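One structure below.
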Amino acid sequence: MKNIVIIGAGPAGLTAAYTLLKEGKDLSITILEESDKIGGISRTEKYKGNRIDIGGHRFFSKDPEIMALWREILKPQGKPAKDDALLGRTHTYTGSADPETEDDVFLTRTRVSRIYYRHKFFDYPISLKPRTFINMGFGGTMKAGFGYLGSLMRKLPEDSLENFYVNRFGRPLYEMFFEDYTEKVWGVHPTKISADWGAQRVKGLSVGAVIKNALTKPFRKKNGKVETSLIEEFFYPKYGPGQLWEKMAELNTQMGAKLLMNTGVVGVNTDGSSVRSVTVKSENGEREIPCDVLISSMAIKDLINALPAPPEDVSRISNELPYRDFMTVGLLLKKLELVNKTKTPTINNNVPDCWIYIQDRGVKLGRLQIFNNWSPYMVDDMNEHVWVGLEYFCNEGDKMWTSDDGEFIEFAIKELASIGVIKPENVLDSYLARVKKAYPAYFGTYAEFDKVREYLDGFDNLFCVGRNGQHRYNNMDHSMMTAIIAARNIISGVSDKRSVWEVNTEKEYHETKEENNGKD
């Protein structure tokens, strides 16, 4: 029997275990999770009947295998759509029982995400609706139009994220809708960020793509191809993304996997070319777990530091790889001060957005999630309360990260009130969640990352998967696919890692399949 150790109980680690157990034979699987939570950064935080989706996760993938796997885990039965009077719109319930009592259910959601700029709403992605031009004003519209035309005539070298955006939108639109928010997310100006980030996350989105989408939409079939960032519908688990990962963890243990929580890896022991065991630390102290194969979704920096005597250059690069950490302030409110002026009906006339990008240089707040609009089951009382998440991007150990919980929550409330979204007296309760290494970043020593990858690939039985495992800003479905490919390579005896690393890099993967999950 082959002993396989998997580091991390997030989407990649759990998917690797599930694939191995379903498709392999004579395998002993041990999953090691450093925290007490399932799902990694795709988990769902729970607080007094309210739930926080860390970062927001749309369930929509270009790869039909991933879509089928999501449905397989939550066992949808294809129950026909019904009108949900609570939300005032139609949702497709595909659970096997009454949606009021059955946990295994997906909702079909209408995508609404907008930019809040100068106390006005703009569609994201940018649309050609009359409201866009009204909000921009005649002068702003003309400036944006000529700026875009200029970008068509003179292309900048794509040696930075700024130039990547300017080439696709023109400088005025870039400065209005991308520059400030991008700097909030990453903590550095877009001129210092690799264009690789844009190639992965924005892909084919541009003013040209928006125009094409608007012109072809009336003639496009429901399942026609469309750029990832332009999708209009997605699936969502009734109780948030953590529902799926908690279920997958349960299924893995039922099939025989060992899941060890609060167990971190502090050492990866090798014979030079192969991993032989891992040293783990838990409340019971340290111990060694032997393995024939190691699948790692832990941060590259931590993995390199756990290995014995890596090359000095590899250690330097990995230790200087940048990450962006994340804080969410959950606020339970009587109401928002924003009024729904869209055609989408909502409860109590709240705005219909799943999240709102805060494009305001006067606040540090980056994005606002409205969890009521993800699912009515994310909030304790849908009719009486609004449950929102204020998202802040920071670095572990900085002033924001180390601030007192109560003081930071008060700071967040004041920021949200300053831009007219709430009144402080309407705050009923609050919660603060911190997430380490939420976003692997594409600057610093990232340009030298190939040296780290080459070193890790030199261990024949070590497979790196997932967002942090590959230091790549993958979507949830991409992380799952790296795990599936790694698992199948292990079952087939293939030690070459190229197919695992190629996920979310090939043009074919982006453009030829039908759907994609986007977490903007």
Side-chain angles (χ1 to χ4, degrees), residues 4-20 29-35 37-43 55 66 196-197 200 245 248-249 252 263-268 270 275 278 280 291 293-307 310 314 317-319 321-325 435-442 445-446 449-490 495-505 519:
I4 300 176
V5 169
I6 299 172
I7 304 175
L14 293 173
T15 301
Y18 188 79
T19 305
L20 289 165
I29 310 293
T30 302
I31 307 169
L32 307 172
E33 173 53 47
E34 184 179 26
S35 73
K37 296 180 175 68
I38 295 294
I41 64 169
S42 296
R43 69 181 183 268
I66 297 296
D196 289 358
W197 186 90
Q200 280 195 321
W245 306 120
M248 183 179 273
N252 282 337
T263 304
V265 173
V266 295
V268 176
T270 74
V275 176
V278 294
V280 300
C291 62
V293 178
L294 178 63
I295 301 175
S296 174
S297 67
M298 71 191 295
I300 289 287
K301 176 189 294 188
D302 298 333
L303 175 61
I304 294 295
N305 287 333
L307 285 160
V314 169
I317 295 166
S318 65
N319 279 314
L321 282 173
Y323 298 84
R324 201 65 167 145
D325 305 292
V435 183
K436 296 180 181 179
K437 295 183 175 67
Y439 302 107
Y442 287 25
T445 55
Y446 170 77
F449 183 72
D450 283 350
K451 295 178 183 177
V452 178
R453 172 184 162 179
E454 182 179 0
Y455 171 69
L456 293 173
D457 284 351
F459 296 100
D460 57 4
N461 62 343
L462 170 62
F463 293 81
C464 295
V465 298
R467 177 180 283 199
N468 276 330
Q470 296 190 329
H471 200 84
R472 181 174 293 158
Y473 194 168
N474 285 329
N475 284 329
M476 188 165 51
D477 61 335
H478 299 136
S479 293
M480 294 175 68
M481 187 50 65
T482 64
I484 290 171
I485 293 173
R488 289 173 179 165
N489 284 354
I490 291 165
S495 60
D496 191 304
K497 319 299 194 320
R498 282 177 295 181
S499 58
V500 181
W501 288 101
E502 284 171 358
V503 172
N504 197 24
T505 61
K519 185 174 80 66

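Since we're looking at a predicted model, the values are computed, not measured.
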| message | Pair Ile38, Leu14 - check side chain to side chain contact (heavy atoms under 4.5 Å, CB included), show working. | response | CA-CA 9 Å; Ile38 295 294; Leu14 293 173; 3.8 Å; yes

| query | Can Ile41 and Tyr439 be said to form a side chain to side chain contact (heavy atoms under 4.5 Å, CB included), step by step? | reply | CA-CA 9 Å; Ile41 64 169; Tyr439 302 107; 5.8 Å; no

| query | Given the rule in the side chain to side chain contact (heavy atoms under 4.5 Å, CB included) test, do Val465 and Ile6 qualify, once you have shown the distances and angles that lead to the verdict? | reply | CA-CA 10 Å; Val465 298; Ile6 299 172; over 6 Å; no

| request: Please step through side chain to side chain contact (heavy atoms under 4.5 Å, CB included) for the pair Ile304 and Asn319, ending with a clear verdict. | output: CA-CA 8 Å; Ile304 294 295; Asn319 279 314; 5.9 Å; no

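Residue Trp501 holds its CH2 atom at 5.0 Å from CD of Gln470, rounded to the nearest 0.5 Å. Atom OG of residue Ser318 and atom CD1 of residue Ile300 lie 8.5 Å apart, to the nearest 0.5 angstrom. The CD1 atom of Ile295 sits 9.0 Å away from the OG1 atom of Thr19 when rounded to the nearest 0.5 Å. Within the model, atoms CG of Asp460 and NZ of Lys497 stand 6.5 Å from one another, a figure rounded to the nearest 0.5 Å. Put simply, CZ on Arg472 and SG on Cys464 are 11.0 Å apart, with the number rounded to the nearest 0.5 Å. The line from CH2 of Trp245 to CG of Asn252 is 10.5 Å long, rounded to the nearest 0.5 Å.
Judged as a salt bridge (charged side-chain N to carboxylate O under 4.0 Å, His left out), and not counting sequence neighbours, the contacts of Arg488 are Glu23, Glu65.
Side-chain contact check for Asn489 and Asp496: no donor-acceptor pair (N or O, by modelled atom type) lies under 3.5 Å. Under 3.5 Å, the side chains of Asn474 and Thr482 contain no donor-acceptor pair of N or O atoms.
When side chains are defined from C-beta on, Leu321 does not count as touching Pro440, because their heavy atoms never get closer than 4.5 Å. Under the 4.5 Å side-chain criterion, counting only non-hydrogen atoms from C-beta, Leu32 is not in contact with Met298. Proximity of Val268 to Phe459: side-chain heavy atoms (C-beta onward) are nowhere separated by under 4.5 Å. Contact annotation: the side chain of Glu33 never approaches that of Thr263 to less than 4.5 Å [non-hydrogen atoms, C-beta and beyond]. At a threshold of 4.5 Å between non-hydrogen side-chain atoms, the residues Ile485 and Phe463 do not count as touching.
The minimum heavy-atom distance between Met476 and Ser42, with the atom names listed, is SD-OG, 3.8 Å. In this structure, Pro11 and Gly39 approach most closely via the heavy-atom pair CD-O, 3.4 Å. Nearest heavy-atom pair, Tyr323 versus Ala299, reported as atom, atom and distance to 0.1 Å: OH-CB, 3.7 Å. Residues Thr15 and Met248 share a closest heavy-atom pair of N-SD, 3.6 Å. Between Ala16 and Ala483, the closest heavy-atom pair is N-CB, 3.6 Å. Counting all heavy atoms, side chain and backbone alike, Val5 lies closest to Cys291 at CG2-CB, 3.6 Å.
Between Phe449 and Tyr446, the ring-plane angle classifies as parallel under the 30° and 60° cut-offs.
Put simply, the residue from Asp457, Val314, Leu303 that forms a side-chain contact (heavy atoms from CB on, under 4.5 Å) with Val452 is Val314.
Listed for the Tyr473 side chain is no donor-acceptor partner under 3.5 Å among the backbone atoms of Tyr442. With hydrogens and angles disregarded, a donor-acceptor distance shorter than 3.5 Å links the side chain of His471 to the backbone of Ala441.
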